[in-house]
Amino acid sequence: MPRTIEFTDTEFMIAQGARLIEDGKTIFVGWGIPQVVAMLAQKLYVPNVTQLFEFGAIGPQSVLPFVRGTMGGPQNTYRSLQWLNMNWAFSFSATGYMDYGMLGALQVDPYGNINSTYLGGTFASPTRRFAGSGGGNQVASHCWKTIIVIKHEGRRFVPKVDFITSPGYLDGPGAREKAGLPRGTGPHRVVTSKALFGFDEASRKMTLLSVLRGLSVEEVVKDMAFRPLLAHEIGEIPPPTDDELRVLREEIDPDRFIIRGEKMSATA
Amino acid sequence: MPRTIEFTDTEFMIAQGARLIEDGKTIFVGWGIPQVVAMLAQKLYVPNVTQLFEFGAIGPQSVLPFVRGTMGGPQNTYRSLQWLNMNWAFSFSATGYMDYGMLGALQVDPYGNINSTYLGGTFASPTRRFAGSGGGNQVASHCWKTIIVIKHEGRRFVPKVDFITSPGYLDGPGAREKAGLPRGTGPHRVVTSKALFGFDEASRKMTLLSVLRGLSVEEVVKDMAFRPLLAHEIGEIPPPTDDELRVLREEIDPDRFIIRGEKMSATA
Amino acid sequence: MTIDRIRTEGEIEYRFTHPDDFREHVRDRKGRSPVPKLVTAKEAVAAFVSDGDYIVYDFSSLTRGPQSLIREVIRQRKKELWIGAEFTLHESPMLVGAGCATRIDVGFLGYGNYIGQAVCDGRVKVYEWTNGGLALRILAGARGVPFLPTRDMLGSDNMEVSAAKTITDPYTGDPVCLVPALNPDVAFLHVHQADVLGNARIFGTNLFALEAALASFRVIVSAEEIIETDEFRKDPMRTTVPYFLVDAVVHAPFGAYPGAMPARYEIDLEHVDRLNAIRTDEQMGKYLEENIYSVADHEEFLDRRVGAKRMRELRRRATITEGYR
Amino acid sequence: MTIDRIRTEGEIEYRFTHPDDFREHVRDRKGRSPVPKLVTAKEAVAAFVSDGDYIVYDFSSLTRGPQSLIREVIRQRKKELWIGAEFTLHESPMLVGAGCATRIDVGFLGYGNYIGQAVCDGRVKVYEWTNGGLALRILAGARGVPFLPTRDMLGSDNMEVSAAKTITDPYTGDPVCLVPALNPDVAFLHVHQADVLGNARIFGTNLFALEAALASFRVIVSAEEIIETDEFRKDPMRTTVPYFLVDAVVHAPFGAYPGAMPARYEIDLEHVDRLNAIRTDEQMGKYLEENIYSVADHEEFLDRRVGAKRMRELRRRATITEGYR
């Protein structure tokens with residue numbers, strides 16, 4: 001009998017992200033949502049993933065529940081294999097040892113370029129100013145496959161980002177290599193609260209791969225400010241599983257600091 | 001009553017070197033004789049000197065007796081303030097934190113250029129080949145005042161070294177700066193088994209400052225293959241003191257591995 | 001000072017010191033003699049922080065940040081500071097709100113929209129170097145070289161709003177990014193243990209503790225605990241910074257408050273939430289008055305604004321000590 | 001391998017790998033899965049060292065050198081090796097004398113005049129990078145950049161007999177030296193403790209242990225002691241190299257013999273003196289036959305050529321353990 005699952009947009013985004021990580025690989029984890037994605041993944045799916053944090057925590061096995069706001073304390077860096085510093089951390093990604101990178105974003109464009117810096121106006125005089133790159137630029141430049149986690153809000157998907165904080169495919173095929181970025185890197189997936197996108201091999205443009213069960217393609221793309229390419233077959237993404245929701249709600253974030261959001265539902 | 005002291009050329013060279021180091025300063029210590037000089041100095045004269053070894057031992061207080069041949073073991077790096085590695089060690093000298101550097105040499109020329117690489121023939125096909133720079137090039141390039149410790153043998157003092165392993169004043173005033181080496185650095189003293197040399201401020205040429213008590217200037221310069229400048233007043237260097245010899249022979253090198261050499265004598 | 005420290009390229013101002021100028025400062029103004037340097041925070045900040053200085057610190061606002069030193073800077077109403085900001089989540093808003101900082105190199109600009117609004121209002125100028133670029137600039141300063149190369153930043157707009165340059169690598173023929181060395185005027189390091197000479201130990205990860213100490217003109221260490229020099233000599237692998245890089249040592253228990261000191265005390269999340277909730281100058285003024293201007297020093301702040309009970313509770317919560325020793 | 005790894009400039013040959021080629025090797029050929037990698041030295045050297053390889057190692061012949069691995073390389077009669085030699089006092093003569101090594105980048109060429117004579121005779125080619133330059137090349141390889149800058153080597157003749165280049169620094173306008181990245185084929189690291197996955201701990205100073213592990217195509221760790229992975233997780237500050245850089249782990253008690261392993265056993269100076277006294281090919285041949293070719297492996301070498309009594313004595317002499325844990 002079909003059963004209806006209720007969850008938040010954030011929970012769906014996190015659960016989706018967690019399902020993308022491969023076991024026995026390395027992942028460079030950004031601050032915030034990516035931390036929670038990695039925790040959920042490691043708990044349920046990929047016990048042998050090795051996480052790396054930009055200040056040099058290698059292989060942490062974070063204590064649950066998640067301590068909000070911070071990343072560097074004893075809970076989040078618990079049982080690391082090694083503690084180093086920032087210049088060393090980015091050496092691991094620069095030499096090709098980081099399979100995945102996972103980042104949040106303020107804005108993203110069809111080539112997967114990320115803006116985390118400002119919206120509107122100019123750099124010197126912006127309309128709204130945000131945190132900027134942090135280590136996001138390094139992650140997006142050097143990890144083999146960058147996964148972007150972003151709320152599915154139309155204003156976040158723009159034809160051209162106001163500022164390229166962290167490079168996607170820049171202005172198309174070959175542009176990263178031409179700029180001097182390492183060969184064969186770039187955005188791999190965009191995980192949203194409604195759908196999953198990849199990037200077309202030939203054009204390097206964002207491509208809709210699958211949508212949350214029950215949503216139509218049109219519902220997903222209608223308020224994006226650019227039209228993504230569509231995969232030949234658009235897949236269906238199941239909603240968060242009972243296990244995913246239990247771990248998120250009971251073990252990782254019992255105070256609902258991160259996982260709160262807009263209510264959604266779908267058929268299990 | 002004047003008393004005759006007997007000692008080896010090596011003992012004199014070591015004792016002389018030890019008297020040159022200032023307390024409360026830092027010294028980048030090369031392998032071999034410079035280690036023994038630093039030990040003697042720290043034991044008798046400069047308890048608060050901070051030594052640095054090129055593999056990253058900061059502030060070691062070496063155990064006596066000296067363990068011959070090695071530098072990196074527990075005896076030589078005992079009670080260091082910090083243990084790092086080579087790239088860090090050279091960062092201390094590159095940022096100007098090393099007041100003195102002390103190096104041995106195979107050959108030296110009037111500008112204090114050091115050859116430790118080969119003698120005769122060409123680089124590709126030398127007559128005799130030696131160890132090469134080790135970290136000597138870095139020490140001579142970056143420490144504020146480099147002290148060269150070398151046996152007083154005529155063939156070692158040549159008008160032009162066969163190979164510049166570690167830079168002195170190159171071909172004269174301003175040459176170091178023109179090459180890109182840090183401003184205000186260069187050879188400071190040349191300690192030999194007969195004399196002490198400095199470098200003329202204007203010409204950057206090696207200048208005889210003082211000679212072992214009882215030796216004439218002519219005896220010192222006669223078999224050098226270039227004629228050094230002479231200081232206005234040539235000083236007299238007392239022979240090794242009883243304390244210096246006792247510490248060298250009884251505490252540092254009871255097996256006479258390092259301190260053996262040609263016999264010399266002078267009036268106490 | 002006669003040393004040229006600020007450069008401009010187009011719209012961009014950036015800190016740059018010729019490595020030789022920095023070296024001469026080290027030669028002439030930094031002591032290598034092992035002498036006691038234990039002073040109060042008031043003395044250290046008065047002696048070693050000047051208006052117009054460029055300041056860096058690690059780790060983060062929430063973990064091992066030099067919070068008591070930052071508060072002392074605000075208390076002494078330093079002006080025109082330039083901050084190298086990586087994980088400075090709430091120091092940036094505080095320093096800007098207090099009128100101390102006018103330029104920030106990021107890194108990561110910080111929490112909340114108070115600081116974002118200050119940028120929009122033009123009260124503070126921001127330059128983008130990214131976390132990796134800023135850490136690399138400090139490493140260049142620590143290595144005594146004028147620049148270091150990297151293969152990130154390339155292709156991004158950070159290149160346009162920093163003084164990073166693209167050159168053709170002579171070995172591969174490919175473009176490579178150079179970032180100029182950064183030699184800050186002052187580095188603040190809050191550490192687990194220090195001796196009176198300045199030898200210091202940090203347990204856990206760091207951003208660029210040794211790098212910043214080597215690269216900076218002046219270094220102030222604040223320490224949870226003052227230990228004997230002999231302890232360093234017994235365990236040289238644990239030393240983070242050797243004494244001769246350090247100009248002043250301040251004994252500062254709970255110096256990272258309201259952030260955590262790993263294995264010593266936990267974050268005071270309630271206090272941090274108050275900080276993060278600040279939106280207006282009025283709120284900022286009230287916070288600064290209550291927590292900084294109205295108390296004489298860090299000790300009085302702890303006694304009268306935090307309280308022994310709260311400190312006990314935060315210590316009690318620091319249950320993970322494994323690996324921090 | 002199809003990767004271009006050797007370049008020439010004039011008379012100079014040097015190892016250089018495009019960072020992208022190295023990265024692709026790391027992506028495709030290095031495993032990130034935590035799987036046991038414990039093998040014998042024979043297996044490790046057979047699988048991961050090929051004729052023509054470029055090899056680096058630390059610390060020195062007399063302290064924590066990977067002597068048992070070097071002997072295994074000689075036993076397997078590898079050819080045309082290229083050695084990055086810093087403190088390799090007696091490995092260089094042995095590897096050249098055994099016909100294994102034909103090129104050496106120095107660093108420091110080694111003890112005695114056997115090796116010096118081999119250079120004069122043209123049996124081995126030497127290139128000069130200096131210790132600092134070689135360590136910096138490995139750091140460049142470890143940071144994934146094609147070069148690193150330095151302000152030494154300048155003005156010296158080492159610039160003429162290496163592939164270091166002088167460029168004009170775009171920030172100061174002054175000359176600065178660049179050295180090309182070095183990505184060795186193989187790094188040998190002899191460590192105090194390792195787990196079967198490859199996590200490794202070194203106590204004491206090192207030359208470039210983590211750098212070499214990050215920079216090298218393949219990494220063989222030999223360890224005095226095999227410990228549980230859990231020990232690393234309990235004390236992450238003590239880890240020198242994380243498991244995923246490592247291709248093989250060899251359990252090698254007395255692996256640094258005849259050198260010392262700090263806090264474990266002392267140098268066998270008598271044995272070292274025999275090595276240093278070697279002047280002729282005949283003497284070298286006799287030494288190699290007795291100590292390497294005539295024994296099957298490191299265990300047999302220890303049992304039959306060193307002996308339990310000697311090993312006990314060397315352990316007994318290692319009285320300084322402070323700081324090494």
Side-chain angles (χ1 to χ4, degrees), chain B residues 21-28 42 46-53 55-63 72 74 76-100 138 141-145 176-185 188, chain C residues 17-35 138-146 148 181-183 194-195 197-202 208-217 219 228-246:
Chain B
I21 303 175
E22 284 176 279
D23 203 16
K25 295 287 184 183
T26 47
I27 181 166
F28 207 129
Q42 188 143 28
V46 288
N48 290 317
V49 79
T50 295
Q51 299 183 42
L52 188 143
F53 298 165
F55 46 81
I58 319 278
Q61 297 179 337
S62 302
V63 170
N76 284 309
T77 62
Y78 190 55
R79 287 179 62 74
S80 293
L81 288 169
Q82 187 173 28
W83 284 337
L84 291 163
N85 63 18
M86 182 169 280
N87 282 306
W88 277 122
F90 289 132
S91 299
F92 285 87
S93 46
T95 47
Y97 273 101
M98 288 297 118
D99 298 308
Y100 290 94
Q138 281 70 44
S141 296
H142 284 166
C143 295
W144 289 107
K145 295 175 176 182
R176 282 177 73 92
E177 290 76 5
K178 198 175 152 210
L181 291 167
R183 194 169 65 215
T185 55
H188 172 63
Chain C
T17 308
H18 192 293
D20 280 345
D21 293 334
F22 181 74
R23 286 175 51 92
E24 288 181 358
H25 172 91
V26 166
R27 182 186 62 192
D28 300 334
R29 310 278 299 263
K30 301 282 283 193
R32 253 74 88 193
S33 200
V35 294
I138 297 172
L139 180 60
R143 288 198 54 81
V145 289
L148 281 174
L182 175 57
N183 293 104
D195 68 7
L197 308 178
N199 293 299
R201 280 179 183 166
I202 289 169
F208 37 57
L210 177 55
E211 287 96 318
L214 266 164
S216 296
F217 284 83
V219 178
E228 294 298 316
T229 301
D230 206 46
E231 296 299 312
F232 289 89
R233 293 200 181 276
K234 281 180 182 164
D235 207 351
M237 286 189 76
R238 293 194 169 283
T239 306
T240 310
V241 173
Y243 77 93
F244 52 88
L245 307 182
V246 174

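Here is how names work: the chains are called A, B, and so on, in the same order as the sequence lines, proteins then strands, and each is numbered from 1.
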Heavy-atom closest pair, residues [X] and [Y]:
| X | Y | value |
| --- | --- | --- |
| C/A142 | B/T95 | O-CG2, 3.1 Å |
| B/S80 | C/P236 | O-CG, 3.3 Å |
| C/E211 | B/W88 | CG-CH2, 3.6 Å |
| C/P242 | B/Q82 | CD-OE1, 3.1 Å |

Chain B heavy atoms under 4.5 Å from [X]: which part of the residue, side chain, backbone, both or neither?
| X | value |
| --- | --- |
| C/V241 | backbone |
| C/D21 | both |
| C/P34 | side chain |
| C/L197 | neither |
| C/D20 | both |

Do any N or O atoms from the side chain of B/R183 and from the backbone of C/E24 form a donor-acceptor pair under 3.5 angstrom? no
Do the side chain of C/R233 and the main chain of B/G59 share a donor and acceptor less than 3.5 angstrom apart? yes
Determine whether more than 12 heavy atoms belonging to other residues, nucleotides or ligands lie under 6.0 Å from atom CD of C/E231. yes
Picking from B/N48, B/D99, B/L81, B/T50, which has the most non-hydrogen pairs under 4.5 angstrom with chain C? B/L81
Between B/N87 and chain C, with a heavy-atom cut-off of 4.5 Å, which part of the residue counts as in contact: side chain, backbone, both or neither? both
Heavy-atom proximity to chain C below 4.5 Å, by part of B/F92: both
Answer yes or no: is there a side-chain heavy-atom contact under 4.5 Å between C/L210 and B/L84? yes
Nearest-0.5 Å distance that lies between atom OG in B/S93 and atom CZ in C/R23: 8.0 Å
Value for CZ (C/R32) from OH (B/Y97), rounded to nearest 0.5 Å, stands at 7.0 Å
Quick one: of C/T229, C/V145, C/D230, C/D235, who has the most non-hydrogen atom pairs under 4.5 Å with chain B? C/D230
